[in-house]
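Let me begin by presenting the structure, written as C-alpha cells, before commenting on it.
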Amino acid sequence: MALRAAFRNTCTLSGLLCQLSSSRSHGRVCASAVLATQQRSNSTSSKISVDFDQSTGVAVMHMKSPPVNSLSLDFLTEFCINLEKLEMDKSCRGLIITSSLPKVFSAGLDIMEMYGKTPESCGEFWKAVQEMWLKLYSSNMVTIAAINGSSPAGGCLMALTCDYRVMVDNPRYSIGLNETQLGIVAPFWFKDTMANTVGHRNTEMALALGLLYNPTEALKIGLVDQLVPEDKLMATAEQTMAKWLAIPAHARQITKSMMRKPTIDKLTSKREADVQNFVSFITKDAIQNSLRTYLEMLKKRKA
Ligand code: CO8
C-alpha cells in the first residue's frame, strides 16, 4: 500500500497511469481500448522514457537519470508505473531496457536511500525494490537488457531479471553483485536470481568476493548472453527480440513461469519479513559506517 501511495504522490504521468499502477501485473488485463492508437507512442517522465513501436509490439525503455541511473525511490516508482502500463497493454509483447547515459547502465540501488534514513523510509524504499524485481521477473513480456555501461549490484539484478542480456564489449564496463564490497549482504532473492542464471558455485564466489566482471568474464560464466560492439547493441537486441517473439506466446510464458515461480513465490510469501530484515540490517551503526566509508571512497576515486 505504501508503494501505491508513493505512486500517487510522485506520479508524473497521466491519471490513467496512476489507476493502472494500482493493479497487479501478474495477470495481463486488456487495456488497449484506452491506450494510444498511433503506430509509435512515446511516454516520457523525468527519469524514464518509453518508445513503443506498435507495429512490432516492442517497447524500448530508456533509463535517463543522471549521473548514474541509481535506483532511488522516485526512479523505482516511475519504472514500475511505466512497466505496469506496458504489461497491461496487450499489444506490447516485448521490452528492451537500456540506458541513455554514457558508460553506465545503472549504478544499482541509490545508496543515499539507505544512508542516514529513518526505518520508515528504508522500509518504503525496500518495498519499491521488491516491487521492481517482482514485476520484471514475472513479466509476461519478453524482456531484454541492452547493457551499454557498468551495471553493479541492483543494476546487475535488474539485468538478471530479464530473459536475455546483451552487453557492449567494452573492458571498462563491469557487471556483478558487489554488495559485500560495501559491507552489505545481497538478499536471498538477489542470490536466487543470480544462481538461477549462472549456477550455485559461480554465485557463491561472486557474492562472497563481491566480484564485478568485465564483459568477457561475464559472458564466460553466463552472466550475460552475448557481447557486441556499442553500435550494434540495439540492432542485436531487436533481432534477438524477434526470435523470442516468434515462439508461441502462451508456451513461452508458461515455461517462463515454470522456471521462475518458485523463486518468486519465495519472496512473495516472505515479503514483509524481508522488509523487516532489510530495515533492521541497514539501520545498524556498523552498516551505516560501512556505507559512509564506501561513499567516501566513491568521492575520493572521483577526485
Ligand atoms: N547511489 C548513489 N549515488 C551514486 C551511486 C549509487 N549507487 N553510484 C554512484 N553514485 C554517485 C557518486 O557518488 C557520484 O556523486 P558526486 O557526483 O556527488 O560525487 C556520482 O554518482 C557519479 O559517480 P562516479 O563519478 O563514480 O561515476 P562514474 O561514471 O565514474 O562510475 C559507476 C559509474 C561505475 C556506476 C560508479 O559510480 C560506481 O561504481 N558506483 C557504485 C555502484 C555500487 O556499488 N552500487 C551498489 C549499490 S547497493 C545495491 O544496489 C544493492 C544493495 C542491496 C542491499 C542489501 C542490504 C541488506
Side-chain angles (χ1 to χ4, degrees), residues 47 63-76 79 99-117 119 121-133 136 145 147-161 167-168 170-194 203 206-215 218 267 270-303:
K47 298 176 193 309
M63 300 184 285
K64 50 173 193 108
S65 180
V68 291
N69 283 332
S70 62
L71 308 178
S72 63
L73 179 60
D74 285 352
F75 183 101
L76 291 165
F79 186 92
S99 166
S100 294
L101 307 181
K103 299 189 299 180
V104 182
F105 179 72
S106 165
L109 303 193
D110 193 317
I111 299 169
M112 301 314 293
E113 297 279 10
M114 303 183 279
Y115 178 67
K117 292 284 162 112
S121 36
C122 289
E124 190 175 354
F125 173 61
W126 197 246
K127 283 179 197 159
V129 180
Q130 291 177 333
E131 194 69 17
M132 184 258 310
W133 180 82
L136 261 183
I147 307 165
N148 50 347
S150 289
S151 195
C156 175
L157 179 78
M158 179 190 276
L160 280 170
T161 59
M167 185 173 190
V168 169
N170 181 334
R172 292 186 173 185
Y173 299 162
S174 61
I175 182 166
L177 295 181
N178 61 324
E179 278 79 357
T180 51
Q181 293 204 24
L182 286 74
I184 56 181
V185 180
F188 69 88
W189 40 286
F190 283 47
K191 179 264 294 174
D192 289 345
T193 312
M194 186 162 191
T203 303
L207 292 189
L209 300 174
L211 294 179
L212 286 171
Y213 299 88
N214 68 36
L267 177 62
K270 296 183 189 152
R271 217 174 150 173
E272 193 46 45
D274 182 62
V275 172
Q276 295 311 321
N277 278 344
F278 171 76
V279 171
S280 70
F281 180 80
I282 211 73
T283 53
K284 281 189 199 333
D285 287 348
I287 303 305
Q288 288 290 305
N289 288 339
S290 293
L291 290 179
R292 192 184 59 240
T293 307
Y294 189 76
L295 282 165
E296 284 165 5
M297 184 278 291
L298 278 179
K299 301 256 177 243
K300 261 194 217 138
R301 201 182 56 174
K302 196 176 177 183

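Start at 1 and go down the list; that is how both ligands and their atoms are numbered. The shown structure was predicted, so the numbers you read here are calculated from the model rather than taken from an experiment. The analysis underlying the following values was restricted to heavy atoms, covering all of them including side chains, and did not include hydrogens, waters or symmetry mates. We count residues from 1, following the sequence as given.
Among protein heavy atoms, atom 40 (N) of ligand 1 sits closest to L298 CD2, 3.7 Å. In this structure, the protein non-hydrogen atom closest to atom 24 (P) of ligand 1 is R301 NH2, 4.6 Å. At the shortest separation from atom 34 (C) of ligand 1 among protein heavy atoms lies S150 CB, 4.0 Å. Among protein heavy atoms, atom 51 (C) of ligand 1 sits closest to E179 OE2, 3.1 Å. Protein heavy atom at the shortest distance from atom 25 (O) of ligand 1 is K302 CD, 3.5 Å. Protein heavy atom in closest approach to atom 45 (N) of ligand 1: A107 O, 2.9 Å. From the protein, the heavy atom lying nearest to atom 27 (O) of ligand 1 is V68 CG1, 3.9 Å. Summary of contacts: the protein heavy atom closest to atom 49 (C) of ligand 1 is A153 CB, 3.3 Å.
At a 4.0 Å heavy-atom cut-off, ligand 1 touches D110 through backbone and side chain alike. Contact annotation: for I111 versus ligand 1, heavy atoms closer than 4.0 Å belong to both the backbone and the side chain. Here L295 has no heavy atoms under 4.0 Å from ligand 1, in either its backbone or its side chain. With a 4.0 Å cut-off on non-hydrogen atoms, N178 touches ligand 1 through its side chain and not its backbone.
Within 4.0 Å of atom 18 (O) of ligand 1, at least one protein heavy atom is present.
In terms of polar-atom proximity, defined here as any N/O pair under 3.5 Å, K299 does make such a contact with ligand 1. Below 3.5 Å of separation, one finds an N or O of Y294 facing an N or O of ligand 1. On a distance-only criterion, G108 and ligand 1 share no N/O pair closer than 3.5 Å. Any N or O atom pair closer than 3.5 Å counts here, and L109 shares at least one such pair with ligand 1.
Side-chain N or O atoms of T161 include none that pairs as donor or acceptor with a backbone N or O of W133 at under 3.5 Å. Using a distance-only test at 3.5 Å, with no hydrogens or angles considered, no donor-acceptor pair links the side chain of S99 to the main chain of N148. S70 places no side-chain N or O within donor-acceptor distance of the main-chain N or O of A107, the cut-off being under 3.5 Å. Proximity of a side-chain donor or acceptor of E131 to a complementary backbone N or O of W126 within less than 3.5 Å is not detected. For the pair E113 (side chain) and C122 (backbone), a donor-acceptor distance under 3.5 Å is absent.
Not counting sequence neighbours, F190 has no partner by the ring-ring contact (aromatic ring centres under 6.0 Å, His included) test.
Every pair passing salt bridge (Lys or Arg N to Asp or Glu O under 4.0 Å) that includes a residue from residues 178-193 is listed here, sequence neighbours excluded: D192-K266.
Numbered from 1 in the order shown, with element, the atoms of ligand 1 that lie under 4.0 Å from a heavy atom of F278 read 56 (C), 57 (C).
Looking at N69 and S106, their side chains never bring a donor and an acceptor atom within 3.5 Å of each other.
Not a single heavy atom of A186 sits under 4.0 Å from any atom of ligand 1. Heavy atoms of E113 come nearer than 4.0 angstrom to ligand 1 in no pair at all.
Across the listed options V185, L182, I184, V185 owns the non-hydrogen atom lying nearest to atom 57 (C) of ligand 1.
Taking a cutoff of 4.0 Å between a charged side-chain nitrogen and a carboxylate oxygen, E296 and R292 qualify as a salt bridge.
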